[in-house]
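Just so we're clear, the structure is a prediction, and the values are computed from it rather than from any experiment. Atom set for the values below is all heavy atoms of this structure, side chains included, hydrogens, waters and symmetry mates excluded. Residue numbers start from 1 in every chain, and the chains themselves are labelled A, B, ... in the order their sequence lines are given, proteins ahead of strands.
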2 protein chains.
Amino acid sequence: MAPASKTSRVTIKTVAADAGVSVAAVSKVLRDAYGVSDALRARVQASMEKLNYRPHAGARAMRGRTYTLGILLPDMRNPFFADILAGVNEALDRTQYQTMIGVSRSAETIEMSLIDSMIDRQMDGLIMIGPRMPPETAEAVSSRIPTAVVGYHVPQLATLDTANNDDVAGAAQVVRHLAANGYRRITMVTLAVPTKNVVVTVQRERGYREAMKERGLAQHINIVPADQTAREVQTVVRHLLESRHRPEALFCWTDMVALHALSVAKDLGLSVPGNLAIVGYDNTIYCDLAQNSLTSVDQSGQVLGLQAARLLIERIDGRQQGDHFVVSPRLVVRGSSRPRPS
Amino acid sequence: MAPASKTSRVTIKTVAADAGVSVAAVSKVLRDAYGVSDALRARVQASMEKLNYRPHAGARAMRGRTYTLGILLPDMRNPFFADILAGVNEALDRTQYQTMIGVSRSAETIEMSLIDSMIDRQMDGLIMIGPRMPPETAEAVSSRIPTAVVGYHVPQLATLDTANNDDVAGAAQVVRHLAANGYRRITMVTLAVPTKNVVVTVQRERGYREAMKERGLAQHINIVPADQTAREVQTVVRHLLESRHRPEALFCWTDMVALHALSVAKDLGLSVPGNLAIVGYDNTIYCDLAQNSLTSVDQSGQVLGLQAARLLIERIDGRQQGDHFVVSPRLVVRGSSRPRPS
DNA sequence: CGTTCTACGTATACCGTTCTACACGATCAG
DNA sequence: CTGATCGTGTAGAACGGTATACGTAGAACG
């Protein structure tokens, strides 16, 4: 077994004895509960400090809260999620809460098993980022544990809170920008998922479609799905760029796909934006590197994460109705979409 | 899936009643403990299945294990860590273990507070990835909780296990490769940390220094430190590349720095490798993109993660002496270090 | 045939918190 | 003056497991 600290652990009992009060009193101080005098609180806090007391999360889980929030991430590699996490941490900085991250590799089965294990571990709440599950499942989850989602559009649900950017508007901005710069054959590369209105890609597809129509480019609407994997993305993009009717511009649902598109374009000897404009989404740190200089849509992951955490804690503290935070996306123009040379 | 009402959780008692055995028997089956007949085990497992029983992690934490491992990450943005995590997950796939990730933002204070909270939450063990703490602290940690580290060189310690690549050899390979391709003024960009032999950068500096001497380039040895932040890295690299005695090649301690170097070079109108060769470390996914085409050293993060997890579980199960896994790094040559035009 | 193992199960004392119920003295309303 | 209310603190029962100590039946042994 573990080289367990032979030195007996400092428990609530030790603190109580040291401060000369009851165990219940110490617990009250810990939880900031009603019915403690300032004098007693001070005495107990002094003892806790002195003994370097730390509450045992497992024991807490038995009756009360664990002060731990579960975070569900589709994958570790997308730097956009790091922004969201930064925001979550920021919101939690001054609280007792800690986070526990699980990575689902974008698979619904792993997602569900992670959720189960978060519930087993008595997480006080759950933040799901871009989950893959259908809305009914999300609702079921939120009935078992307080839940907030980021990048998942279910404004109609009262059982869970959401933090989103307006994906329809973001995609529309991209199309309008490209159209204004002289591009007409604008193709969108999206994610291959069963069509569900809740996921961000479907929202962006809608924004793309609407804006294309609005700009009189309906006949050029072309939405191409690709899997998440590097190989699949490259294959799909290569196929597109080698086709006889090569698009003039690519709108990629996320930056990572856009970066691969840049790579394929370079491989094929196409200049960007000379032969092809490329736009991404999320405005991750890689966009700003000169070798990419990628136009992208900023949806401030940090704000989304911060708001999601705030909403979740409110919900844990008892709010019953749904709350839905929406941020406006902002197009960040860089070299990859400069005006088309006529 | 039935919407489990909050009133009736399926506990070990429920299972025991359903299977017609004692609570202790169910516990034994759960823990795979000694003294259960096949018949009883089968009966209990059938009941657990039927009732969809899931053990309560908090309760387990009170006396036994939580089957949760803590993972300490310096930052979320480096895709190399994703490889390591993938390996850890692979090792844990067929076990009861789950992981809980904490991100320290490379700060020793956050590191320590995360470790505390992992211990509070009764993690069974800890995997620290590239920690910043001095070796004495690491040893202290490992005396409180079973510990394995990745990217941290303390082969002398028996209280913790390590999984590393041979950083000295990796750096030496880079220098030899560059030297063979005609580069002489090879500058190394490293991380600004208090010089401690345990961290990977210091090991890589050693390999760089030794190989430079070996190739008769001692007079060109130049090691430049830079902080982790994007701005700082860009500033340092820009300063280097604008200096009158511009280096012919840059060896960057990690890919992210190399990517920034590529960006600055492009900004300054320098061609890579025409005017400047660049080599990174970690062989992350971005190296392979055509716009980067970055030569790098592969240290198979996945293998490191897998081994670290394996070692940790062995340690939790009782091993007392230290075990140290080392993998050989492999140079992956790409465009950014092609032979120098004379 | 009695005794000692061996294999399998059971009863139950914890583990460290939270939280409900309640005790007690002081203050207040009537 | 009496009873109700308030503010503060305590006692002790959960919570859902684990692990130890022990009971018991059948087999093996001499």
Discussion item. Can you tell whether the side chains of R77(A) and D83(B) come within less than 4.0 Å, N to carboxylate O?
Written reply: yes
Discussion item. Taking the basic N atoms (NZ, or NE/NH1/NH2) and the acidic carboxylate oxygens, is any pair closer than 4.0 Å for R65(B) and D124(B)?
Written reply: no
Report the nucleotide, chosen from [options], that has the shortest atom-to-atom distance to any side-chain atom of [X].
X: I12(A); options: dT18(C), dA19(D), dT18(D); value: dT18(C)
X: S27(A); options: dT18(C), dT10(C), dG17(D); value: dT18(C)
X: M62(A); options: dG17(D), dC15(D), dT10(D); value: dC15(D)
X: V23(A); options: dG9(C), dG17(D), dT17(C); value: dT17(C)
X: A59(B); options: dT10(C), dG17(D), dT18(C); value: dG17(D)

[X] [atom1] - [N] [atom2] separation (whole Å):
X: D38(B); N: dA7(C); atom1: CG; atom2: P; value: 13 Å
X: L51(B); N: dG16(D); atom1: CG; atom2: C1'; value: 15 Å
X: R9(A); N: dT17(C); atom1: CZ; atom2: P; value: 6 Å
X: L40(B); N: dT10(C); atom1: CG; atom2: P; value: 7 Å
X: K13(A); N: dA11(D); atom1: NZ; atom2: C1'; value: 13 Å
X: L30(A); N: dT17(C); atom1: CG; atom2: C1'; value: 9 Å
X: I119(A); N: dG16(D); atom1: CD1; atom2: P; value: 15 Å

Discussion item. Looking at E49(A), I'd like to know if its CD atom is crowded, meaning that more than 12 non-hydrogen atoms belonging to other residues, nucleotides or ligands lie closer than 6.0 Å.
Written reply: no
Indicate whether OP1 or OP2 belonging to [N] is found under 4.0 Å from a side-chain N or O atom of [X].
X: S37(B); N: dG9(C); result: yes
X: R31(A); N: dC19(C); result: yes
X: T11(B); N: dG16(D); result: no
X: Y34(B); N: dA7(C); result: yes
X: R60(B); N: dT18(D); result: yes
X: S22(A); N: dA11(D); result: no

Discussion item. Ignoring hydrogens and geometry beyond distance, is the side chain of K28(B) in donor-acceptor contact with the base of dG9(C) at under 3.5 Å?
Written reply: yes
Worksheet item: Going by modelled atom types, is there a donor-acceptor pair between the base of dC14(C) and the side chain of R63(B) at under 3.5 Å?
Response: yes
Worksheet item: Base, sugar-phosphate, or nothing: which does V21(A) touch, judged by heavy atoms less than 4.0 Å apart?
Response: sugar-phosphate
Worksheet item: Looking for any heavy atom pair under 4.0 Å, which part of the strands does R54(A) touch: base, sugar-phosphate only, or nothing?
Response: sugar-phosphate
Practice prompt. Just name whichever nucleotide pairs with dG7(D), Watson-Crick or G-U, keeping both distances under 3.5 Å, else none.
Written response: dC24(C)
Worksheet entry | Any strand: nucleotide that pairs with dG26(D) via Watson-Crick or wobble, under 3.5 Å | dC5(C)
Worksheet, complete the sentence: In terms of heavy-atom contacts, S106(B) and R132(B) come closest through OG-NH2, 3.4 Å
Worksheet entry | Member of Q307(B), R319(B), H324(B) meeting the side chain to side chain donor-acceptor pair (under 3.5 Å) criterion with D161(B) | R319(B)
Worksheet item: Considering heavy-atom distances to DNA chain C, does G58(A) or A25(A) have its closest nucleotide positioned more toward the 5' end?
Response: G58(A)
Discussion item. I'd like to know if the side chain of R121(B) and the backbone of G58(A) have a donor-acceptor N/O pair within less than 3.5 Å.
Written reply: no
